[in-house]
Protein chains: 2
Amino acid sequence: MPTIKDVAEKAGVTVTTVSRVLNNRGYISQETRDKVYRVMDELQYRPNEIARSLSRKRSMMLGLIIPTIAHPFFAEMANYIENYAFALGYKILLCNSRLDRVKEKEYINMLKSHRVDGMIMGSHTLDVQEYVKLRQPVITFDRQITDIPYISSDNYQGGVLAAQLLIDRGCRRIAHISGNLSLDVLGNRRLEGFLDTLRKHALEPIVIELGTDVFESSGYDRMIRSLFEKEPEVDGLFASSDIIALHVMKVCSSLGIKVPDRMKLIGYDDISLASLVEPELTTIRQPLEAMSRLAVDLIDKLIRGEKVPLENIVPVTLVERKTC
Amino acid sequence: MPTIKDVAEKAGVTVTTVSRVLNNRGYISQETRDKVYRVMDELQYRPNEIARSLSRKRSMMLGLIIPTIAHPFFAEMANYIENYAFALGYKILLCNSRLDRVKEKEYINMLKSHRVDGMIMGSHTLDVQEYVKLRQPVITFDRQITDIPYISSDNYQGGVLAAQLLIDRGCRRIAHISGNLSLDVLGNRRLEGFLDTLRKHALEPIVIELGTDVFESSGYDRMIRSLFEKEPEVDGLFASSDIIALHVMKVCSSLGIKVPDRMKLIGYDDISLASLVEPELTTIRQPLEAMSRLAVDLIDKLIRGEKVPLENIVPVTLVERKTC
DNA sequence: TTGAAAGCGCTAACAT
DNA sequence: ATGTTAGCGCTTTCAA
């Protein structure tokens, strides 16, 4: 591959000049500029971004750490993030932590070694301290860590909305199924909002928590099934993600429990699947696109040394479809 | 961040020595090795991978270009690819082309500028020639381009299996819905296998092709609906992806067409959703994990200058579930 | 067993 | 308006 030097020689100028036209900096006569451009595409020259990064101390890369891109929620999020990042000139380094502490740590180190300009964290299995000592532009999703800016949907309100709808629909025996509560600290607030609201109506829900192993979905179905076996009266259920809700639908169907006739169901997220399945899923919508754009915006500002709010909570909305 | 120089000074050696212990190359006394290691973690030193890449002329990065990570098929694929790549020490640069020629081209250029060691292409909107002139390690999915190694499921056989099952189930009025045939060149062979098999039984299917705009799924539903309105007799359908099959299920449900009672349905891919929806989807399974591993293996070999087969066709299997 | 020095491809003062 | 030169942080020959 040709280097800046090759271009310079062939154009009869120095590398400085070539660098100048490359970066549009300083004064260059139209004449040399044209010549340099001409040579550049004669040679099919592409500036070596690695060398640029080294000398500029800026890689234009962002690390994205998530549990797994195979999960539709993160896949959609990554899609939006990649899009906005690209628009700002950033590239995305994809990291699937699998919610494994070791891998997450390794990834963080790897990203540091690669001198990414910033990191967007959607996976948090480590101790808070580990993130704090990063001392570089970082933002998180759904996790509050001292002075690291975070983005989160209004989880509490999401819980409230779900509870209200279930109550409005006349449910009396209500359940909540959550992911791993110890990992999803802010996500817990969904449960709080849900509980507070139900209790105002003197209702106490059954709460079950799915294991850590998000990747072992057969375990999901077993736990859900046993919920319905132990508590056949359940007539309303709030799942902490749409994917969990889909599992519930499947178990219900195999148990002959009609949704929404015999049981009302509400999910969380509003991934695109929610409106693709039958019956279409009623859910609490996180504005994923806006959140993703915000993530990129925040990290970009952080990188440029601007101040950003610590707390970035975006509103959720109830999307009423067919399961509740 | 400390540099190799800082480590060298603090350890009382030269950068050469530090570099040696870093790379485990050449002779170093156990004593200095220990000292260097000690200093390294006192200083929390992390070698700058950008500098390394520049001098080694090897970035340990792979570019992954796909239409969109938001599509479950590509999301699952990316997940596997990232996993295997990580195991071999490669990092993944994520690129969503959106099947946009301009963006795809830009991405290719960007990846070249970043001197990725290799690229895995799951999106192909450009002319064959563009890929050929890349002259660097590249492999593709489902597209045959002169001497670029490609990976593909046995599409023809997939079509055969689907046709056979539909025939076995007694379907007489059969349809096929495909994605964009002009873009998915090898994927077309699904249709060929399907057609050949049906014709042996004197059956001629209705074939409809969904538009280019994979991202406008409301268009999907409209086209599918009009198929059923025009051809109410259809009693068997082969969709060229599970996602399309899900759209079909949705339309059927809204039209009161019971699947599989009144219409048999077969998908393609076997993404994890296929067994999560109700009724569970009968589908032709691509061994996605194996294909992804193969992709990383091939690209790694190419990078290391080894020869690899041009044609890498992996077998598909029929997964009989509830829709056929 | 260790060091000196050149080089990877580019940027950015500082000159001219 | 253009050139000289010294880095950026690392690897790697060549010497010692």
Side-chain angles (χ1 to χ4, degrees), chain A residues 1-40 43-61 89 109-117 136, chain B residues 1-37 39-40 43-61 89 91 109-117 136:
Chain A
M1 285 214 131
T3 71
I4 197 174
K5 209 176 150 200
D6 299 321
V7 176
E9 282 170 5
K10 185 153 182 188
V13 295
T14 62
V15 294
T16 314
T17 304
V18 178
S19 173
R20 281 208 186 87
V21 350
L22 214 47
N23 299 291
N24 244 311
R25 229 190 294 287
Y27 294 96
I28 348 150
S29 71
Q30 192 55 46
E31 197 186 1
T32 53
R33 183 194 300 272
D34 290 345
K35 181 155 31 131
V36 170
Y37 276 137
R38 201 170 334 111
V39 174
M40 277 179 173
L43 257 39
Q44 295 252 52
Y45 171 72
R46 323 232 97 251
N48 183 329
E49 290 297 334
I50 295 186
R52 289 182 128 175
S53 298
L54 181 60
S55 104
R56 287 178 171 156
K57 292 167 166 302
R58 190 110 153 54
S59 65
M60 294 311 283
M61 298 244 246
N109 284 333
M110 185 271 268
L111 293 177
K112 286 171 72 173
S113 295
H114 273 278
R115 301 300 191 267
V116 294
D117 293 338
Q136 67 163 288
Chain B
M1 284 214 133
T3 71
I4 197 174
K5 208 175 152 202
D6 299 321
V7 176
E9 281 169 6
K10 185 154 185 187
V13 295
T14 62
V15 294
T16 313
T17 304
V18 178
S19 173
R20 281 206 186 88
V21 352
L22 213 50
N23 299 290
N24 244 312
R25 228 189 294 290
Y27 293 98
I28 346 146
S29 71
Q30 192 56 43
E31 198 186 0
T32 52
R33 184 195 299 273
D34 289 345
K35 182 155 30 131
V36 169
Y37 275 138
V39 173
M40 276 180 174
L43 256 39
Q44 295 251 52
Y45 171 71
R46 323 232 98 252
N48 182 330
E49 290 296 335
I50 295 186
R52 288 182 129 175
S53 298
L54 181 60
S55 101
R56 287 177 172 157
K57 291 165 166 303
R58 190 113 153 51
S59 64
M60 294 310 284
M61 297 244 248
K91 292 95 205 176
N109 285 334
M110 186 271 270
L111 292 177
K112 285 172 71 173
S113 295
H114 272 278
R115 301 301 192 264
V116 294
D117 293 337
Q136 68 164 288

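Basis for what follows: all heavy atoms, side chains included, without hydrogens, waters or symmetry-related copies. First the proteins, then the strands, lettered A, B, ... as listed; each starts at 1.
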In whole angstrom, give the distance that lies between atom CG of B/Asp34 and atom C1' of C/dT1. 15 Å
Is the backbone of A/Arg115 close enough, under 3.5 Å, to the side chain of A/Ser59 for a donor and an acceptor to pair up by distance? yes
Using a 4.0 Å heavy-atom cut-off across all strands, classify B/Ser19 as base, sugar-phosphate, or nothing. base
Give B/Ser53 one of three labels, base, sugar-phosphate or nothing, depending on what nucleic acid heavy atoms sit under 4.0 Å from its own. nothing
Rounded to whole angstroms, how far apart are CZ on B/Arg58 and P on D/dC10? 19 Å
Value in whole Å for how far the P atom of D/dT12 lies from CG of B/Asn24: 13 Å
Any B/Asn23 side-chain nitrogen or oxygen under 4.0 Å from OP1 or OP2 of D/dT11: yes
Is the shortest side-chain N/O distance from A/Lys57 to OP1 or OP2 of D/dG9 below 4.0 Å? yes
When you measure only distances, ignoring hydrogens and angles, does the side chain of B/Arg20 come within 3.5 Å of the base of C/dG3 through a donor and an acceptor? yes
Measuring from B/Ile50:CD1 to A/Arg52:CZ, what's the distance to the nearest 0.5 Å? 13.0 Å
From CE of A/Met60 over to P of D/dC8, roughly how many Å is that when rounded to an integer? 22 Å
So, taking the atom named CE in B/Met61 and the one named CE in A/Met61, what distance separates them when rounded to the nearest 0.5 Å? 3.0 Å
Can a side chain N or O of B/Tyr27 be found less than 4.0 Å away from OP1 or OP2 on C/dG3? no
Measure the CG-CD distance between A/Asn109 and B/Gln44 for me, rounded to the nearest 0.5 Å. 9.0 Å
So among A/Leu22, A/Val36, A/Asp6, which one has a side chain to side chain contact (heavy atoms under 4.5 Å, CB included) with A/Tyr45? A/Leu22
Would the distance check show the side chain of B/Asp34 and the main-chain N or O of B/Glu31 forming a donor-acceptor pair, the cut-off being under 3.5 Å? no
Can you list, by residue number, the residues of residues 7-17 of chain A that have a non-hydrogen atom closer than 4.0 angstrom to DNA chain D? A/Val13, A/Thr14, A/Thr16, A/Thr17
Which value, rounded to the nearest 0.5 Å, describes the distance between A/Arg25 atom CZ and A/Thr16 atom OG1? 13.0 Å
Rounded to the Å, how far apart are B/Arg25 CZ and D/dT12 C1'? 9 Å
Contact nearer the 5' end of DNA chain C, comparing B/Arg33 with A/Ala51: B/Arg33
Among the nucleotides C/dG9, D/dT12, D/dG9, which one has an atom lying closest to any side-chain atom of B/Thr3? D/dG9
Over how many whole Å does the gap from B/Arg52 atom CZ to D/dC8 atom P extend? 19 Å
Residue-phosphate contact under 4.0 Å: B/Lys5 side-chain N/O, D/dC8 OP1/OP2: no
Please report, rounded to the nearest Å, how far the P atom of D/dT12 is from the CG atom of B/Leu54. 12 Å
Under 4.0 Å between a side-chain N/O of B/Thr32 and OP1 or OP2 of C/dT2, yes or no? yes
Would the distance check show the side chain of A/Lys10 and the main-chain N or O of A/Ala8 forming a donor-acceptor pair, the cut-off being under 3.5 Å? no
Does A/Ile28 reach a base, just sugar-phosphate, or nothing at all? Heavy atoms under 4.0 Å. sugar-phosphate
Phosphate contact (D/dC8 OP1 or OP2) by A/Arg56 side-chain N/O below 4.0 Å: no
Under 4.0 Å between a side-chain N/O of B/Ser29 and OP1 or OP2 of C/dT2, yes or no? yes
Atom CD1 of A/Ile50 and atom C1' of D/dC8: how far apart are they, to the nearest Å? 14 Å
Ignoring hydrogens and geometry beyond distance, is the side chain of B/Arg115 in donor-acceptor contact with the base of C/dG9 at under 3.5 Å? no
